[in-house]
Structure formats: C-alpha cells, structure tokens
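Right, one structure below, let's go through it.
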Amino acid sequence: MMEQNGYAELSGIERELVLQYLIDGNVPVTLTPTDKITINKNDYSKTEPVIKSLTSQIFPVAIRGEHIKVQKNGEILLENPPQSINNFANQNVKVEFYFNRVGLYFHTFVKETSKGLSLLLPDKIQRIIDVPEDKKYEVSALIYLDCNTSKELNLQAIPEKEIQLFTRPAWKCIPLENQQKAKRLLEKFVEQAKLEKNAGTGIQLISICKFLTEKKIEKVQSLQNRAEPLSILFIDHERIVFGVSETYKNLFNSKEYCIKLSFSINIGPINTREIFVTGIVNKIYRNEENEGICVDFCYSNLQEEDLRFLYEKATSTLLN
C-alpha cells in the first residue's frame with residue numbers, strides 16, 4: 001500500500017483482492033455525488049472530484065449488498081437500488097465501503113445502461129484516512145465509570161453540531177421538514193414528563209427532539225465499528241443530555257455513572273476547568289424508528305462551587 005499526499009493508495013495486487021472480495025461478498029456500499037470540472041464519460045477516473053456540499057440537498061445513499069452485482073471486468077451493476085439512486089444517473093460519485101473492516105473509497109461515474117445503472121471499479125482505490133480534528137470545544141465530557149460496578153467506560157462526548165449549548169433551546173432550531181415529526185415526539189415526551197415528573201423545566205426536550213428527528217448519515221470510517229463520541233445536546237446546573245446514534249448497552253436507566261466535564265477557559269493561566277460529578281440516568285428517549293437514543297443524566301453529586309459555575313454558564317447570571 002502506497003502513502004501519497006495524506007491518502008493510502010492500494011497496489012495492483014491489493015486492487016485485485018478487493019475486486020474478488022466484491023465479486024464474492026455481499027458488500028454494502030455508500031454513494032455520494034461529486035462535482036468535477038471536466039466529465040469524461042469514457043474515462044472513470046481521470047479528473048479529481050470534489051464532494052458536493054450539504055447545501056446541494058444531495059446526501060450519501062447506502063446500498064445493500066444484495067442490490068450489487070460485480071463482474072470480473074470491474075463493472076458494478078446496481079440491481080433494484082433505492083429510488084433515490086436514480087438521481088445519481090450520469091453523475092460522478094464517491095463510492096465507500098469496508099474491506100475486512102478497513103474503509104476504502106474510489107471515484108467513478110454512474111452510467112445508464114440497458115441493464116440499469118452501473119459503475120466501474122477504477123484502477124485507483126484508496127484507503128480512508130481519518131484526520132484527527134484538533135479542535136478546542138467549549139465543553140467536552142467523559143463518562144468514565146459505572147458507579148455501581150466500578151467498571152471503566154471511557155465514553156467521550158463532544159457538543160452536537162448546530163446546537164448552541166448554554167443557550168435556551170428554541171423550536172426554530174429544528175429544520176422545517178422535521179418539525180411535524182418533532183412535534184409528535186415532543187407531545188409524547190411532555191405527556192410522559194407529566195406522569196413521571198422527571199423532566200425539570202423540560203427545555204431540554206427541544207434539543208432531544210431535534211436530535212431524534214435528524215437524518216443520521218453513517219459515515220464510512222478508516223476502521224469499521226470504531227466507537228464515535230457521544231453528542232452533548234444540553235447541559236445546565238441540573239442535568240446533561242447525550243445523543244447516541246445507536247444504543248450503548250452499557251448505559252442503563254436509573255444507574256449512576258461518574259462523569260468528567262471539561263470547560264475551555266480563555267482567561268487566566270489555566271485554560272481548562274474540570275468538574276467531576278456523578279449522574280443518574282433519569283430517562284432514555286427514543287425516536288419512532290428506534291434508530292437513536294438520548295440519555296438524560298441528572299446530577300446526583302455536585303460540589304457547590306461547581307454548581308455555581310454551571311449555573312452561571314447556563315443562565316449568564318452572577319450569584320450573590
């Protein structure tokens with residue numbers, strides 16, 4: 001495998017192994033439309049593509065292995081693929097998949113043929129290289145211990161994109177196309193909260209509904225099944241809520257966990273403030289499809305100076 005310009009390109013022998021793997025296996029792939037300055041329908045790999053931005057309203061589409069038939073010449077036939085794939089006809093695409101748990105990708109062109117849509121496996125296949133994001137978050141978290149069993153967990157969490165923490169959640173933060181579904185969830189959660197009396201002020205429910213109604217795009221990574229950080233959806237002086245794209249089996253309702261909160265400080269010689277708390281899983285929220293969950297922790301042990309700090313962060317109010 002050759003390393004070039006931040007990516008790893010497979011050798012000819014490795015490409016042949018991948019081709020045979022695609023022929024023999026029931027391999028799912030993900031297609032993402034791309035733009036090219038030049039489109040050459042007779043050459044599948046000459047020009048370098050650029051991924052379309054999300055503003056184009058075109059998203060990656062996953063295709064199950066049973067809808068793919070790979071020929072020995074490298075032609076990939078799409079048999080009865082999802083309806084949305086028809087929009088990719090006569091477009092350049094990025095194809096991503098796993099080969100023995102290793103993430104690979106290549107660029108090619110979607111052709112319309114008498115047999116339907118087809119792709120061609122190009123000579124250049126590359127290994128997905130995850131570039132670590134060196135970013136300083138306003139707050140991050142680590143669920144590091146199950147207090148009941150003393151089992152180490154080390155589940156990292158970072159702020160969810162497009163959610164402003166320490167700002168009162170507003171309904172308008174939910175995309176218009178998701179608001180009807182979010183309204184159904186909110187009504188359901190409010191009714192449950194009235195019975196269970198466990199939601200506090202309930203303002204965190206908007207962030208929870210936003211997360212549970214958004215389309216989750218499963219990104220192909222450098223290594224399959226690698227744990228991703230949880231998403232911090234809401235935090236104040238009483239609770240913290242995490243979003244999880246799939247169920248973590250080691251987070252259980254009514255159980256207590258140890259959590260470390262890390263806050264970026266821009267003034268003074270210390271640039272990070274760490275707060276250690278214990279929290280009990282107050283409620284686990286699920287969407288209608290059970291595709292994702294939100295875990296609502298209520299603090300069970302919080303030092304007074306840390307309570308003051310979190311209250312000031314959440315309310316922007318100085319206590320006397």
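Being a predicted model, the structure only gives us computed values, none of them experimental.
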Checklist entry - Are the side chain of Gln204 and the backbone N or O of Ala199 linked by a donor-acceptor pair below 3.5 Å? => result yes
Next on the checklist: Please say yes or no: joined through hydrophobic side-chain contacts below 4.5 Å, possibly via intermediate residues, are Leu22 and Phe99 part of one cluster?
Outcome noted: yes
Checklist entry - How long is the gap from CD1 on Ile293 to NZ on Lys283, to the nearest 0.5 Å? => result 12.0 Å
Next on the checklist: Other residues, nucleotides and ligands only: do more than 12 of their heavy atoms fall within 6.0 Å of CG on Asn80?
Outcome noted: no
Checklist entry - Thinking salt bridges, do Glu191 and Lys194 make one under a 4.0 Å N-O criterion? => result yes
Checklist entry - Under 3.5 Å, is there a donor-acceptor pair between the Glu14 and Ser11 side chains? => result yes
Item to check | Presence of salt bridge, Glu9 and Lys124, under 4.0 angstrom | outcome: no
Next on the checklist: Could you check whether any side-chain N or O of Thr113 sits under 3.5 Å from a backbone N or O of Lys115, counting only pairs where one atom can act as donor and the other as acceptor?
Outcome noted: yes
Checklist entry - Would you say Ile280 and Leu310 are hydrophobically clustered, going by side-chain heavy atoms of ILVMFWY under 4.5 Å? => result no
Item to check | Same apolar cluster: Leu145 and Ile259, side chain cutoff 4.5 Å | outcome: no
Next on the checklist: Salt bridge or not between Glu214 and Lys210? Use side-chain N to carboxylate O under 4.0 Å.
Outcome noted: yes
Next on the checklist: Is there a side-chain contact between Cys258 and Ile143 in this structure, where contact means two heavy atoms from C-beta onward sitting under 4.5 Å apart?
Outcome noted: no
Next on the checklist: Test your reading of the model: is there a side-chain donor-acceptor pair from His67 to the backbone of Glu79, 3.5 Å cut-off?
Outcome noted: yes
Checklist outcome for this item: Between Tyr105 and Glu96, the two heavy atoms sitting closest are CB-CG, 3.7 Å
Item to check | Under-4.0 Å salt bridge between Arg273 and Asp306 | outcome: yes
Next on the checklist: Donor-acceptor pair, distance only, cut-off 3.5 Å: does the side chain of Tyr299 make one with the backbone of Arg239?
Outcome noted: yes
Next on the checklist: Is the shortest side-chain heavy-atom distance between Tyr285 and Leu212 below 4.5 Å?
Outcome noted: yes
Next on the checklist: Any side-chain to backbone donor/acceptor pair from Gln179 onto Ile174? Under 3.5 Å, distance only.
Outcome noted: yes
Item to check | Exercise: do Ser262 and Thr272 side chains pair donor with acceptor under 3.5 Å | outcome: no
Checklist entry - Taking side chain as C-beta onward, heavy atoms only, is Val27 less than 4.5 Å from Tyr21? => result yes
Item to check | Separation of Leu78 CG from Ile85 CD1 (nearest 0.5 Å) | outcome: 6.5 Å
Next on the checklist: If you count every heavy atom of other residues, nucleotides or ligands that lies below 6.0 Å from Lys255 atom NZ, does the total exceed 12?
Outcome noted: yes
Checklist outcome for this item: Value for CD (Glu304) from CG (Leu307), rounded to nearest 0.5 Å, stands at 7.0 Å
Checklist entry - Side-chain contact, heavy-atom cut-off 4.5 Å: Ser84 with Val61? => result yes
Checklist entry - Would you find a donor on one side and an acceptor on the other, under 3.5 Å apart, between the side chain of Arg15 and the backbone of Pro122? => result yes
Checklist entry - In Å and rounded to the nearest 0.5 Å, what is the CG to CG distance from Leu205 to Asp296? => result 8.0 Å
Next on the checklist: Under 6.0 Å between ring centres: does that hold for Phe263 and Phe309?
Outcome noted: yes
Next on the checklist: Quick one about Glu228 and Gln156 (side-chain donor to acceptor, distance below 3.5 Å, no hydrogens or angles considered), yes or no?
Outcome noted: no
Checklist entry - Can you tell me if Thr34 uses its side chain to pair, donor with acceptor, with the backbone of Asn92 under 3.5 Å? => result yes
Checklist entry - Heavy atoms, side chains only, cut-off 4.5 Å: are Thr32 and Val93 in contact? => result no
Checklist entry - Distance from Ile235 atom CD1 to Lys313 atom NZ, nearest 0.5 Å? => result 9.0 Å
Checklist entry - Looking at CD of Gln71 and CD1 of Ile76, how far apart are the two atoms once the value is rounded to the nearest 0.5 Å? => result 10.0 Å
Checklist entry - Is the shortest distance from a Lys or Arg side-chain nitrogen in Glu16 or Lys72 to a carboxylate oxygen in the other one below 4.0 Å? => result no
Checklist entry - Under a single-linkage definition using a 4.5 Å side-chain heavy-atom cutoff for Ile, Leu, Val, Met, Phe, Trp and Tyr, are Leu77 and Leu121 assigned to the same hydrophobic cluster? => result no
Next on the checklist: Side chains of Asn90 and Phe109, heavy atoms from C-beta outward: is any pair under 4.5 Å?
Outcome noted: yes
Next on the checklist: Using only atom types and a distance under 3.5 Å, with no angle test, would you say the side chain of Thr108 pairs donor to acceptor with the backbone of Leu120?
Outcome noted: yes
Checklist entry - Taking atom types as modelled, is there a side-chain donor on Glu256 or Ser300 under 3.5 Å from an acceptor on the other? => result yes
Item to check | Contact check, side chains of Phe189 and Cys209, non-hydrogen atoms, under 4.5 Å | outcome: yes
Checklist entry - Honestly curious: do Phe276 and Leu155 fall in one hydrophobic cluster under the side-chain, below-4.5 Å linking rule? => result no
Item to check | Sidechain-backbone polar pair: Tyr257 side chain, Phe252 backbone, donor-acceptor under 3.5 Å | outcome: yes
Next on the checklist: When you compare the side chain of Arg286 with that of Ile284, does any pair of heavy atoms fall below 4.5 Å?
Outcome noted: yes
